[in-house]
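Working notes, structure below.
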There are 2 protein chains.
Amino acid sequence: MGRTEDLKAKGLDLGGLDGTFGFLLHAAWRDAARTFAEHFAETGITPLGYSILLLIARNPGCAPGDLCEIMGVTSNNMTRLIDDLSRRSLIERTVHAADRRARRLQLTAQGAATLEGLRARHAAYEADFNDRIGAERIDRLCEILRHFD
Amino acid sequence: MGRTEDLKAKGLDLGGLDGTFGFLLHAAWRDAARTFAEHFAETGITPLGYSILLLIARNPGCAPGDLCEIMGVTSNNMTRLIDDLSRRSLIERTVHAADRRARRLQLTAQGAATLEGLRARHAAYEADFNDRIGAERIDRLCEILRHFD
DNA sequence: TATTGTTATACTCTATAACTATA
DNA sequence: TATAGTTATAGAGTATAACAATA
């Protein structure tokens, strides 16, 4: 079971925190981030970086602004995430011919190859949680989380 | 509905991200954090600070280490969170008589009074989400999230 | 030796604002 | 005047390591 179950057994009064969705959401996200970091150790890829690579793979030529909207990251921060992946030669950023303000993003050959390894790690990470939490619960979780902004 | 629903309508391929619980969990947590910040604007209280105040109120005399365990925060970081609340005269930190290594944490009178106002804000914040997401969904969400560590 | 808490430090994520270059 | 992206900067959260005081 989860952490809150263990703690109540120790006589500490959680003061309703274990019924507070924000507290639980934060804890669950940190669990996911920590587990992601374990599975992606020594790749230097963070959850945000992985999302970007995945999105560029599916939408070659997309613009940073597209990723901002999907990922909920502001453009200034997206620039730095893209800088990092670009500096590591995983993606290529070129000026858009039609609108020279915009940029076109694409995976490099190295980026595409790297992504395959990352997909395998991600599958293992998800299998990890399916084992721990239950695949059916994870599905119901996703269904509910899609109602958030 | 949620953000992912809107985005799919724009022709962007999310590449399975909207079925990835980690991506959805991150987005939902940011939604919760952003909404919390709106409701707690100008109080200077963050989600972590609110949790600490709540826990000290329910467990007067508890030690920083107790809070670390409940909240999943390491002790070095807890020190700084407590420093902040202490500097603002909301809590009092005294040396534990029986074990002089430990500290005893208590709300000050000002802290207790402040907490009442914060509880009202938190109730409004939760009502906000119950309206947006549905109280029954939030309940089911909590039930699932308690399985995480 | 082990434990409680503190200090120092660094990195990631997030946010606001000011800026460049295009349109 | 508006938009796409960049640069600068700051604050919050998280993490590791080294340390002090006490047990």
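Convention: sequence-line order gives letters A, B, ...; per-chain numbering from 1.
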For the backbone of B:H39 and the side chain of B:R121, can you confirm whether one donor and one acceptor N or O come within less than 3.5 Å of each other?
yes
Find the distance [X]:[atom1] to [N]:[atom2] and express it as a whole number of Å.
X      : N      : atom1 : atom2 : value
A:L105 : D:dT6  : CG    : C1'   : 14 Å
B:D83  : C:dT7  : CG    : P     : 6 Å
A:D31  : D:dA15 : CG    : P     : 11 Å
B:I45  : D:dA12 : CD1   : P     : 11 Å
A:N77  : C:dC11 : CG    : P     : 17 Å
B:L67  : C:dG5  : CG    : C1'   : 13 Å
A:F40  : C:dC11 : CZ    : P     : 22 Å
A:I52  : C:dT12 : CD1   : C1'   : 13 Å

If you assign A:T74 and A:G49 each to the DNA chain C nucleotide with the nearest heavy atom, which residue ends up on the more 5' nucleotide?
A:G49
Starting from the 5' end of DNA chain C, give me the residue, A:L81 or B:S75, whose nearest nucleotide shows up first.
B:S75
What nucleic acid atoms does [X] come within less than 4.0 Å of, heavy atoms only: base, sugar-phosphate, or nothing?
X     : answer
A:A33 : nothing
A:R80 : base
B:R93 : sugar-phosphate

Let me know, please, whether A:M78 or A:R34 comes out on the 5' side of the other along DNA chain D by nearest nucleotide.
A:M78
In terms of side-chain heavy atoms of [X], which of [options] is nearest?
X      : options               : answer
B:A102 : C:dG5, C:dA15, D:dT7  : C:dG5
B:A63  : D:dA15, D:dA4, C:dG5  : C:dG5
B:R101 : C:dT6, D:dT14, D:dA21 : D:dA21
A:T79  : D:dT6, C:dG5, D:dT14  : D:dT6

[X] side chain near [N] phosphate (N/O to OP1/OP2, under 4.0 Å):
X      : N      : answer
B:R100 : D:dT22 : yes
A:H26  : D:dT14 : yes
B:R30  : C:dT14 : yes

Quick test of your reading of the model: are [X] and [Y] salt-bridged, counting only N-O distances below 4.0 Å?
X      : Y      : result
B:R80  : B:D84  : no
B:R132 : B:D31  : yes
B:R34  : A:D149 : no

Test applied, side-chain hydrogen bond (donor to acceptor under 3.5 Å, both in side chains); reference residue, B:D99; option that passes from B:R101, B:R103, B:H96
B:R101
Ignoring hydrogens and angles, does a donor from either the side chain of A:D99 or the base of D:dA4 sit under 3.5 Å from an acceptor on the other?
no
Residues in side chain to side chain donor-acceptor pair (under 3.5 Å) contact with B:R140, at least two apart in sequence or another chain
B:E136
